[in-house]
2 protein chains.
Amino acid sequence: MARKRFDDSSCSVARALNEVGDWWSLLIVLHAMYGTRRFVDFQQQLGIAKNILCDRLARLVDNEVLRKEEVGEHGSRFEYRLTEKGRDLFPVVVALRQWGDKWNPAPDGQPLDLRDRDTGEPVQTVTVRNAQGEPMSIRDVFVAEDLDGTSKSA
Amino acid sequence: MARKRFDDSSCSVARALNEVGDWWSLLIVLHAMYGTRRFVDFQQQLGIAKNILCDRLARLVDNEVLRKEEVGEHGSRFEYRLTEKGRDLFPVVVALRQWGDKWNPAPDGQPLDLRDRDTGEPVQTVTVRNAQGEPMSIRDVFVAEDLDGTSKSA
DNA sequence: CCAATAGGGTTGCATTTTAAAACCAAATTG
DNA sequence: CAATTTGGTTTTAAAATGCAACCCTATTGG
């Protein structure tokens, strides 16, 4: 049967995955963050089928993660650019990249590639922090309101 | 044709998505973080088909995100518990949750539910930080080694 | 000016995945 | 010892995916 969707889930992670939780969408966002804007460039860089790319781009535009802009002077050339909502996925993408680098390093190892534009220093590992700015593990946390309304320990 | 997999992609985000990038896996990890350990509990809380849950749990175990432990005294009762690799997805899940809360808030709004176990204060928004600990946007960053080996601006 | 090519898609079709429900087997409960 | 719980596997239909083949609108080249 059809894939289950989570549009109306009370869980915001489920709703988020509804928008960017498939195999391609987050990779498209990633490449958009790297500067890719054109249909053909996405297609070649990702090796994605054109119809799937069409579908994903349209869905990302619908969800206001990307914005489609006409750039051909008098023709039909488009650019897909991140919206603020899309750029706001930056921590998600970086956290995922760092996780992948840590636990599934590339055979030819290129561990961390994001650097501060001003200083040239690598960015920190993305962590959850408490109000004092100290890194927290999952054990340092509890859930005030739960998925189902019942309070649970993390 | 079959879904394309990214096992050998040079992009660590692609490799990460290969392990937890489908609709269900990250939700399973999320619930595991909330304390769920049993097959039936995952099934009921997620509303997932049993065969899909079997498959996802097995894949997560294969990828060492979860560990399957026999807990029945002399029977076949199992618990699926997060490994260190799985717990390390904490920042990813929190970042995604915060993104979902910000951009797709639940109609009945329960904005942020993670709190410091010691102080009871909410956790900070997950951000990318430079070496000095200052939050960075995507514009503050450049890519030293790129997906394809060619340097690109972010 | 006309042909060739590039950008951005859409359409068909075969192959996988997914979801739901039925079925199963071991262990535990009543 | 029958019913139930846990943790699955099997079957079947509906979607999603990937590929190739088209299509239409510019722009380029000769």
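Protein chains get the first letters and strands the later ones, always in sequence-line order, with residue 1 at the start of each.
Recorded end-axis angle for the helix from C:dC1-D:dG30 to C:dG30-D:dC1 stands at 10°, based on five pairs per end and rounded to 10 degrees.
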Given side chain to side chain donor-acceptor pair (under 3.5 Å), test A:Ser12 with B:Asp101 step by step and report yes or no. CA-CA 6 Å; A:Ser12 60; B:Asp101 280 332; 3.0 Å; yes
Which donor-acceptor pairs under 3.5 Å do side chains of residues 56-65 of chain B form with protein atoms, sequence neighbours excluded?
from	atom 1	to	atom 2	distance (Å)
B:Arg56	NE	B:Asp22	OD2	2.5
B:Arg59	NH2	B:Asp55	OD2	3.3

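The shortest side-chain heavy-atom distance between B:Val29 and B:Leu82 falls under the 4.5 Å cut-off.
Residues passing the side-chain hydrogen bond (donor to acceptor under 3.5 Å, both in side chains) test with B:Trp103, sequence neighbours excluded: A:Asp88. Shown here are the side-chain hydrogen bond (donor to acceptor under 3.5 Å, both in side chains) partners of A:Arg87, two or more places apart in sequence or in another chain: there are none. Residues meeting the side-chain hydrogen bond (donor to acceptor under 3.5 Å, both in side chains) test with B:Gln132, sequence neighbours left out: A:Glu121.
In this structure, of D:dA16, C:dG8, D:dG7, it is D:dA16 that holds the atom nearest to the side chain of A:Arg56.
Rounding to whole angstrom units, CG of residue A:Leu46 and P of D:dC19 are separated by 13 Å. With rounding to whole Å, B:Asp22 atom CG is found 15 Å from D:dA16 atom P. Rounded to an integer number of Å, the gap from CD1 of A:Ile48 to C1' of D:dC19 is 13 Å. Note: CD1 (A:Ile52) to C1' (C:dG12) measures 13 Å, nearest angstrom. For the pair B:Arg77 CZ and D:dT5 P, the computed distance is 11 Å after rounding to whole Å. As a whole-Å value, the separation of B:Asp55 CG from D:dT9 P is 10 Å. Put simply, CG on B:Leu27 is 11 Å from P on C:dA19, counting in whole angstrom units. Distance A:Gln44 CD to C:dG8 C1': 13 Å, rounded to the nearest Å.
A donor and an acceptor atom, one from each side chain of A:Asp41 and A:Gln45, are nowhere located under 3.5 Å apart.
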Enumerate all atom pairs, one protein N or O and one N or O from nucleotides 9-11 of chain C, separated by less than 3.5 Å.
from	atom 1	to	atom 2	distance (Å)
C:dG9	OP1	A:Lys68	NZ	2.6
C:dG9	OP2	A:Tyr80	OH	2.3
C:dG9	N7	A:Lys50	NZ	3.0
C:dG9	O6	A:Lys50	NZ	2.5

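Look at B:Trp23 and you won't find any side-chain N or O under 4.0 angstrom from OP1 or OP2 of C:dA19. Remark: A:Arg38 is in phosphate contact with C:dG8, judged by side-chain N or O atoms under 4.0 Å from OP1 or OP2. Residue A:Trp24 places none of its side-chain N or O atoms closer than 4.0 Å to OP1 or OP2 of D:dT17.
Taking all atoms of both residues into account, the shortest heavy-atom contact from B:Gln98 to B:Val123 is NE2-CG2, 4.0 Å. Closest approach of A:Phe39 and A:Leu53 over heavy atoms only: O-CD2, 3.5 Å.
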